[in-house]
Engineer: 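I am attaching a structure below and will ask some questions about it afterwards.
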Number of protein chains: 2
Amino acid sequence: MAKTQAQAPAAPGELLAGCGVRATHQRVQVLEELAREANDATAYQLFERLRSRGEGIGLATVYRTLSLLSEQGVIDALTHRGGELCYRLCSAAHHHHLTCSECHRVVELDGCNLGDWVSTAAAAHGFTATEHQVEVVGVCSDCRAA
Amino acid sequence: MAKTQAQAPAAPGELLAGCGVRATHQRVQVLEELAREANDATAYQLFERLRSRGEGIGLATVYRTLSLLSEQGVIDALTHRGGELCYRLCSAAHHHHLTCSECHRVVELDGCNLGDWVSTAAAAHGFTATEHQVEVVGVCSDCRAA
DNA sequence: TTTAGTGCAAAAGTTTTGCATGGTC
DNA sequence: GACCATGCAAAACTTTTGCACTAAA
């Protein structure tokens with residue numbers, strides 16, 4: 001095995017260059033802050049963490065960066081009940097999310113086999129499916145114990 | 001067949017009484033406005049439509065009513081990419097949503113058979129699944145033709 | 001009559017935008 | 001060196017809250 005590319009997270013600079021945008025200090029900082037977060041975070045939360053870490057980043061830049069990265073598919077945008085928009089640095093492969101309703105822990109679910117059902121169901125209504133996402137909510141083992 | 005209860009939408013008053021809240025004029029108006037909308041709508045949109053229809057309803061009441069009805073499960077709350085929170089009066093049965101990315105038409109998808117997959121996947125990570133929702137995005141026949 | 005619900009307006013957030021300046025490629 | 005990206009601060013929105021008043025049960 002020559003490389004352990006499979007699960008190794010790509011470096012921020014590579015992710016940015018990969019989608020044809022400039023690898024600025026601020027964008028790298030946002031990606032690194034996301035990499036530190038196991039779950040997800042809102043734009044404002046990320047801004048506050050970067051500031052308290054001493055990074056001189058502007059709020060507008062955080063919003064602009066997250067929108068850009070989300071559009072480019074570099075990060076995932078997930079919305080919780082109530083409409084709160086959060087971001088997360090996930091694997092590049094197709095996956096879904098399992099979140100704990102108590103502690104908001106997020107786990108990626110691989111092995112989605114919904115493609116056929118989605119295409120068929122969409123076609124039954126005259127639609128051509130382009131994407132789908134599943135959000136599973138539950139209670140994690142820690143919270144169940146508590 | 002004595003009744004055609006199956007697909008007949010319940011009257012606003014019944015829906016409200018059914019979850020133990022008062023059937024006020026404003027709540028009935030919000031439900032009726034939702035019933036006129038085939039797709040989904042934001043709180044602010046519903047407020048504007050009711051106002052232009054001559055209903056003297058307050059913005060805060062619309063927000064409070066939609067939150068209440070959503071919590072009670074009387075209406076569905078769906079979030080589109082970008083975090084926009086919309087509401088829709090759907091059937092009571094478990095279902096998912098298929099939306100057109102062009103015209104935002106919404107269709108209910110019945111016959112969800114994801115229960116087993118969801119439980120199994122959640123259990124594999126130590127979670128107990130409590131709910132799940134699928135959002136399928138595609139292009140409807142009209143928009144594909146255009 | 002009692003208590004829940006409403007309207008209004010103010011406040012509290014959140015997100016976007018304009019424009020001069022600074023940093024990448 | 002050209003052009004993209006940033007910071008700041010103001011503006012634009014969206015959503016929530018307090019409180020006196022009204023209406024449902």
Side-chain angles (χ1 to χ4, degrees), chain A residues 11-34 40-72 74-75 77-87, chain B residues 11-34 40-72 74-75 77-87:
Chain A
E14 293 174 14
L15 284 175
L16 294 167
C19 61
V21 303
R22 291 189 180 173
T24 65
H25 180 71
Q26 289 87 341
R27 287 176 180 167
V28 170
Q29 290 303 317
V30 168
L31 277 174
E32 291 187 344
E33 192 61 50
L34 277 170
D40 56 12
T42 65
Y44 203 86
Q45 286 172 338
L46 292 167
F47 166 70
E48 287 182 322
R49 291 181 198 170
L50 286 166
R51 273 297 174 95
S52 67
R53 186 174 283 276
E55 289 296 330
I57 194 170
L59 177 58
T61 300
V62 175
Y63 275 97
R64 284 189 278 231
T65 299
L66 291 169
S67 299
L68 175 71
L69 297 179
S70 174
E71 273 177 17
Q72 297 294 327
V74 175
I75 62 178
L78 26 168
T79 52
H80 300 292
R81 304 127 287 298
E84 196 181 39
L85 184 58
C86 291
Y87 295 94
Chain B
E14 294 174 13
L15 284 175
L16 294 167
C19 60
V21 301
R22 291 188 180 176
T24 66
H25 179 72
Q26 289 87 339
R27 288 176 181 167
V28 170
Q29 290 303 317
V30 168
L31 278 174
E32 290 187 344
E33 192 61 48
L34 277 170
D40 56 11
T42 65
Y44 202 86
Q45 287 172 337
L46 292 168
F47 166 71
E48 287 183 321
R49 291 181 199 171
L50 286 167
R51 272 297 172 97
S52 69
R53 186 175 283 276
E55 288 296 329
I57 193 170
L59 177 57
T61 299
V62 174
Y63 274 98
R64 284 188 279 231
T65 300
L66 291 170
S67 300
L68 174 72
L69 297 178
S70 174
E71 272 176 19
Q72 298 294 328
V74 175
I75 62 178
L78 25 168
T79 53
H80 299 293
R81 303 126 285 299
E84 195 181 40
L85 184 59
C86 291
Y87 296 94

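Convention: sequence-line order gives letters A, B, ...; per-chain numbering from 1.
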Engineer: Once you round to the nearest 0.5 Å, how far does OG1 of Thr61(A) lie from CG of Leu68(A)?
Structural biologist: 11.5 Å
Engineer: Encode nucleotides 18-25 of chain D as B, S and - characters from 5' to 3', where the letter depends on protein heavy atoms closer than 4.0 Å: B to the base, S only to sugar-phosphate, - to neither.
Structural biologist: B-----BS
Engineer: Of the options His25(B), Gln26(B), Arg49(B), which is the one that meets Glu55(B) in a side chain to side chain donor-acceptor pair (under 3.5 Å)?
Structural biologist: His25(B)
Engineer: Nearest whole angstrom, please: distance from the P of dA5(D) to the CD of Gln72(A).
Structural biologist: 10 Å
Engineer: What's the CD-C1' distance between Gln45(B) and dT14(D), to the nearest Å?
Structural biologist: 13 Å
Engineer: Measure the distance from CG on Leu68(A) to P on dC4(D) and round it to the nearest whole Å.
Structural biologist: 13 Å
Engineer: Round to the nearest Å and state the distance from Glu48(B) atom CD to dC13(D) atom P.
Structural biologist: 11 Å
Engineer: To the nearest angstrom, how far is Tyr44(B) atom OH from dC13(D) atom C1'?
Structural biologist: 9 Å
Engineer: About how many Å separate CD1 of Ile57(B) and CZ of Arg27(B), when rounded to the nearest 0.5 Å?
Structural biologist: 10.0 Å
Engineer: Take Arg51(A) and Leu59(B), find for each the nucleotide of DNA chain D with the closest heavy atom, and name the residue whose nucleotide sits nearer the 5' end.
Structural biologist: Arg51(A)
Engineer: CG/Leu66(B) to CG/Leu85(B) distance, rounded to the nearest 0.5 angstrom?
Structural biologist: 8.5 Å
Engineer: If I take atom CG in residue Leu46(B) and atom P in nucleotide dT14(D), what distance separates them, rounded to the nearest angstrom?
Structural biologist: 13 Å
Engineer: For DNA chain C, note the earliest and the latest nucleotide, 5' to 3', having some atom under 4.0 Å of a heavy atom belonging to chain B.
Structural biologist: dT3(C) to dC8(C)
Engineer: Roughly how far, to the nearest 0.5 Å, is CG of Leu16(B) from CD of Gln72(B)?
Structural biologist: 10.0 Å
Engineer: Using the test ring pair (Phe, Tyr, Trp, His ring centres under 6.0 Å), find all partners of Tyr63(A) that sit at least two apart in sequence or belong to another chain.
Structural biologist: none
Engineer: Once rounded to the nearest 0.5 Å, what's the spacing between atom CD of Glu33(B) and atom CD of Glu48(B)?
Structural biologist: 11.0 Å
Engineer: Roughly, in whole Å, what's the span from CG in Leu50(A) to C1' in dT6(D)?
Structural biologist: 14 Å
Engineer: Does Ile57(B) reach a base, just sugar-phosphate, or nothing at all? Heavy atoms under 4.0 Å.
Structural biologist: sugar-phosphate
Engineer: Answer yes or no: is there a side-chain heavy-atom contact under 4.5 Å between Leu59(B) and Tyr44(B)?
Structural biologist: yes
Engineer: What distance do Leu46(A) atom CG and Cys86(A) atom SG have between them, rounded to the nearest 0.5 Å?
Structural biologist: 9.0 Å
Engineer: Please figure out whether Leu85(A) or Val62(B) has its closest DNA chain C nucleotide nearer the 5' end.
Structural biologist: Val62(B)
